[in-house]
**Student:** 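Can you read through this structure? Questions will come right after.
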Amino acid sequence: QVQLAESGGGLVQAGGSLRLSCAASGRTLSSNVMGWFRQAPGKEREFVAASIWSAGTPFYADSVKGRFTISRDNAKSTVYLQMNSLKPEDTAVYYCAAGRWVTTEVKQYDYWGQGTQVTVSS
């Protein structure tokens, strides 16, 4: 089992920045990939970004490329999502997830955090 705990959400004005953190514990070696997803009210959960623990190649949704950066601290088993130039349409609950390979598909991730709310005001 892998336990994930997100933090860092909040309320920010458009154009502002936030950094989300996701601390992983448990059998983290069983999960090679850490991803971030988000879900806005009335919408399906969507892929935001993913990173492989053992390599530095990140993957992003087109909607966040150039604005969001995923990074990790292997020693702390923590993954971050730096979000810059935030827009009102970025408002959602953000979830981190752990899986075995990089994919944008929600169902392919095995473990999920409880989510953290990000609200961007216009």
**Student:** Between Trp36 and Phe68 (judged by ring centroids, cut-off 6.0 Å), do the two rings come close enough to count as a pair?
**Tutor:** no
**Student:** Counting only heavy atoms not in Gln114, do more than 12 fall under 6.0 Å of its CD?
**Tutor:** yes
**Student:** How far does OG of Ser77 sit from CD of Gln3, to the nearest 0.5 angstrom?
**Tutor:**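 That separation rounds to 11.5 Å.
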**Student:** How close do Arg100 and Asn32 get, counting heavy atoms only, and between which atoms?
**Tutor:** O-ND2, 3.4 Å
**Student:** If you apply the rule ring pair (Phe, Tyr, Trp, His ring centres under 6.0 Å), what do you find for Phe37 with Phe47, and how did you get there?
**Tutor:** CA-CA 5 Å; Phe37 289 76; Phe47 172 79; 5.7 Å; yes
**Student:** Could you tell me the separation between the OH atom of Tyr111 and the CG atom of Leu4, rounded to the nearest 0.5 Å?
**Tutor:**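 That separation rounds to 9.5 Å.
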**Student:** Considering non-hydrogen atoms only, spot the tightest contact between Ala92 and Ala40 and give its length.
**Tutor:** CB-N, 3.8 Å
**Student:** Working to the nearest 0.5 angstrom, can you tell me the gap between Met83 CE and Leu18 CG?
**Tutor:** 4.5 Å
**Student:** Taking Thr119's backbone N and O only, do any of them form a donor-acceptor pair with Thr91's side chain (distance below 3.5 Å, no angle check)?
**Tutor:** no
**Student:** So, Tyr60 side chain and Ile70 main chain: donor-acceptor pair closer than 3.5 Å or not?
**Tutor:** yes
**Student:** CD/Gln117 to OH/Tyr94 distance, rounded to the nearest 0.5 angstrom?
**Tutor:**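 One finds 9.5 Å between CD of Gln117 and OH of Tyr94.
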**Student:** Working to the nearest 0.5 Å, report the span between CZ of Arg38 and CG of Leu81.
**Tutor:**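 If I round to the nearest 0.5 Å, the distance is 9.5 Å.
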**Student:** Take Leu20 and Val118 through the test side chain to side chain contact (heavy atoms under 4.5 Å, CB included) and record every step on the way to the result.
**Tutor:** CA-CA 9 Å; Leu20 305 182; Val118 171; 4.0 Å; yes
**Student:** Looking at Tyr109 and Thr103, would you say the former's side chain and the latter's main chain have a donor-acceptor pair under 3.5 Å?
**Tutor:** yes
**Student:** Please evaluate residues Arg67 and Asp90 with respect to the criterion side chain to side chain contact (heavy atoms under 4.5 Å, CB included), reporting the C-alpha separation (whole Å), side-chain torsions for both, the decisive distance (0.1 Å), and the verdict.
**Tutor:** CA-CA 11 Å; Arg67 300 188 299 122; Asp90 294 318; 2.7 Å; yes
**Student:** What pair of heavy atoms forms the shortest contact from Ser21 to Thr78, and how long is it?
**Tutor:**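 For Ser21 versus Thr78, the nearest heavy atoms are CB-CG2, 4.4 Å.
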**Student:** Quick one: which residue pairs count as a disulfide bond (SG atoms under 2.5 Å apart) with a foot in residues 84-122, not counting sequence neighbours?
**Tutor:**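 As it turns out, the disulfide bond (SG atoms under 2.5 Å apart) pairs with a partner in residues 84-122, which skip direct neighbours, are Cys22-Cys96.
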**Student:** Nearest 0.5 Å, what's the OG-CD distance between Ser63 and Glu46?
**Tutor:** 5.5 Å
**Student:** Considering all heavy atoms of both residues, which atom of Val102 and which atom of Ala50 are nearest to each other, and what is their separation?
**Tutor:** CG1-CB, 4.3 Å
**Student:** Passes side chain to side chain contact (heavy atoms under 4.5 Å, CB included), Met34 versus Ser51? Steps please.
**Tutor:** CA-CA 5 Å; Met34 295 295 293; Ser51 178; 5.6 Å; no
**Student:** Following the transitive rule for hydrophobic clusters with a side-chain heavy-atom cut-off under 4.5 Å over Ile, Leu, Val, Met, Phe, Trp and Tyr, establish whether Phe59 and Tyr80 coincide in one cluster.
**Tutor:**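 Phe59 and Tyr80: separate clusters.
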**Student:** Using modelled atom types and a 3.5 Å cut-off, is there a donor and acceptor pairing between side-chain atoms of Glu6 and backbone atoms of Gly115?
**Tutor:** yes
**Student:** Side-chain donor-acceptor pair under 3.5 Å between Asn84 and Ser17, yes or no?
**Tutor:** yes
